Visitor: 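My questions will all concern the structure given below.
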Amino acid sequence: MISKRMKKTFLTPLGKENPVFVQILGICSTLAVTNKLENTVVMTLGVLFTTMFSSFTLSLIRKFIPSRIRMIVETMVIATFVIIVDIVLKAYIPDVWKQLGPYVGLIITNCIIMGRAEAFALNNTPGLSLIDGLASGIGYSYVLLIIAFFRELLGTGTLWGVQILGDWWVNWSIMIMPPGAFFMLAIFIWIVKETFMTEKKEASNE
Amino acid sequence: MNSAYYPIAVFFAAIFTNNILLTNYLGMCSFLSVSRELKTSVGLGIAVTFVMASTTVLNWLAYTYILIPFGLFYLRYIVFIIIIAAFVQLVEMIIERTSEGLYAALGIFLPLITVNCAILGVSLFMVIRDYSLLTSFFFGLGSGLGWFLAILAMAGIRQKLVKAKVPAGLEGAGITLIIAGIMALAFMGFSGMITIS
Amino acid sequence: MKKDGFYALRIYPLVFMLMVTVVCISIVTGLFLSTKERVEANEGLFLRKTILQAANIPYPDDFREVTALYEASVTEVSDGQLYYRVAQPDGSFTYVVPIEGAGLWGAISLLVGFTESLDELTGIGIFSQNETPGLGARIEEEWYRMQFVGKRGPFVLVDEGMADAPDEIDAITGATRTSLAMRDIINEAVTLGPAIVRGQ
């Protein structure tokens with residue numbers, strides 16, 4: 001049974017309250033690896049896993065957490081899930097793990113995870129928190145995947161390491177360099193905001 | 001790598017050629033939200049630099065003398081983040097009791113720092129790159145100053161930008177990111193300034 | 001009020017934190033121990049693959065086949081300094097020497113392969129590096145590694161995609177420091193490698 005509340009919990013972070021382009025949260029750790037699609041996919045899956053299960057776990061024990069040490073308990077739980085991601089990656093896809101370097105560990109300080117725990121998981125049931133975590137994670141992931149798609153395609157003419165664009169294509173090296181990520185994200189936010197804002201204006205005119 | 005100049009080279013590289021904010025995108029959250037005003041940016045910048053330089057040293061000691069000898073290096077994420085959180089809390093308590101002026105200036109920024117990814121990031125980079133204690137300290141200090149420099153420049157630009165006309169969709173985060181992109185381009189001009197060898 | 005009591009304010013948070021810590025650390029430790037063997041096997045496999053890369057011997061994906069191929073063709077020699085002697089499919093012998101040098105951010109450790117006459121490279125393999133992901137870290141990519149095959153050092157750098165002469169190697173766009181570091185490390189290897197093999 002899918003209740004209305006569940007549906008709402010799931011859909012809000014995907015659009016109107018998307019953590020990346022509305023709240024601009026949590027881009028730090030992943031933006032750095034968006035110059036390759038493969039790394040971005042692995043990284044966003046790691047974030048997704050951590051957000052979901054840390055929200056779920058914290059919601060399970062929410063009634064027992066003493067409020068004074070709330071933050072440190074949250075950090076502890078999040079760090080545990082991040083270490084799980086790190087160990088699993090190291091054991092099963094060592095090549096990608098090596099390329100990601102310290103960025104897996106930096107998922108701990110991803111503001112989205114802590115933010116969702118504080119704002120949602122501590123006041124809601126485990127089931128809803130899991131859905132909220134999943135939705136926030138997806139809302140975050142797809143934005144970064146779109147950025148990674150364009151950065152890798154324009155920057156090296158490849159996708160997932162496979163040559164897509166032919167010899168005629170001159171690589172935009174700037175795309176895989178640091179400024180490329182800033183420009184791509186800004187352009188993306190611009191396009192999304194323009195679309196959303198015109199919708200809002202129309203709605204208020206009615 | 002073992003030359004006496006190496007820590008100094010890492011120090012300058014961390015400020016200019018490989019600025020932690022502009023090339024590794026660490027500490028973006030507070031960068032985007034706090035860079036509106038020059039005064040607050042200075043406060044946050046000083047606090048970040050101080051905490052970064054101190055925690056890299058503490059984390060280095062914990063890693064080298066506790067985690068490695070006991071084979072517990074896989075716990076480093078938990079240990080590092082807790083050392084950072086505890087250190088920030090401690091500093092907050094000390095300056096609250098000793099200096100009212102300093103507390104008024106920096107106090108509100110300290111809680112923000114624990115979740116600043118740049119702080120944890122510097123400690124993780126230090127471990128992966130196998131730095132010595134001295135190099136780690138200079139790396140932490142340089143990264144902090146680099147972050148400070150970036151947020152200071154951004155706040156200066158954004159204060160002037162208040163009067164400028166920006167397309168509605170780009171207001172706030174959008175334009176800040178574009179400026180950060182241009183700053184990153186400018187900072188790329190520093191590459192070649194320092195040779196680490 | 002009981003809520004403000006000594007127990008609720010001091011003891012309970014401490015006990016709770018201790019419990020959370022114990023649970024978290026046991027989970028992580030359990031997972032670490034259960035994957036330890038696999039991680040070590042991965043590392044061993046990775047070294048073998050890197051040596052085969054440096055010797056320019058194509059290797060299969062399968063774990064067992066790589067091990068079999070490695071054991072059939074590579075012999076470790078450690079009189080003085082460690083190097084590897086590789087039996088090529090055509091019957092000739094080539095050599096692979098481990099070399100380490102400073103990159104932009106930390107040590108780059110790599111394996112450099114030499115032909116039997118020790119004057120040409122058979123290739124290189126990157127064992128570990130800490131360069132910037134997507135920029136300097138591209139030294140691990142195949143196109144970069146393959147450009148050393150059959151080349152003769154000492155090398156000079158040219159822009160990415162322009163290398164032509166036997167002593168030219170492509171730099172990586174946006175990773176000038178890493179490219180320079182690689183040039184220096186490999187140029188050093190070109191003189192150091194043969195000396196190690198000859199036992200000097």
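All chains are named by letter (A, B, ...) in the order of the sequence lines, taking the proteins before the strands, and each is independently numbered beginning at 1. For clarity, every value in this text was computed on a predicted model and none was experimentally measured.
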Visitor: So what's closer than 4.5 Å to chain C heavy atoms on A/Asn171: side chain, backbone, both or neither?
Guide: neither

Visitor: Looking only at non-hydrogen atoms, find the nearest pair between C/Phe127 and A/Lys98 and report the distance.
Guide: O-NZ, 3.5 Å

Visitor: What I'd like to find out is whether the side chain of C/Arg138 reaches to under 4.5 Å of the side chain of A/Ile176, using heavy atoms alone.
Guide: yes

Visitor: Is the backbone N or O of A/Pro94 less than 3.5 Å from a side-chain atom of C/Asn42, with the two atoms forming a donor-acceptor pair by type?
Guide: no

Visitor: With a strict 4.5 Å heavy-atom criterion, list every residue of residues 29-39 of chain C that contacts chain A, or say none.
Guide: C/Leu31, C/Phe32, C/Thr35, C/Arg38, C/Val39

Visitor: Less than 4.5 Å apart, side chain to side chain, heavy atoms only: is that true for C/Phe16 and A/Ile61?
Guide: yes

Visitor: I need the residue from A/Ile174, A/Ile84, A/Asp86, A/Thr34 with the largest number of non-hydrogen atom pairs under 4.5 Å to chain C.
Guide: A/Ile84

Visitor: Of all the residues in residues 63-76 of chain A, which have a heavy atom that comes within less than 4.5 Å of a heavy atom in chain C?
Guide: A/Phe64, A/Ile65, A/Pro66, A/Arg68, A/Ile69, A/Ile72, A/Val73, A/Met76

Visitor: Is any side-chain heavy atom of A/Lys90 less than 4.5 Å from a side-chain heavy atom of C/Glu43?
Guide: yes

Visitor: Given a strict heavy-atom distance threshold of 4.5 Å, which part of C/Thr21 is in contact with chain A: side chain, backbone, both, or neither?
Guide: both

Visitor: Which one, C/Val28, C/Val20, C/Ile25, leads in non-hydrogen pairs under 4.5 Å with chain A?
Guide: C/Val28

Visitor: For C/Tyr12, does the OH atom sit with more than 12 other heavy atoms under 6.0 Å from it, leaving out its own atoms?
Guide: yes

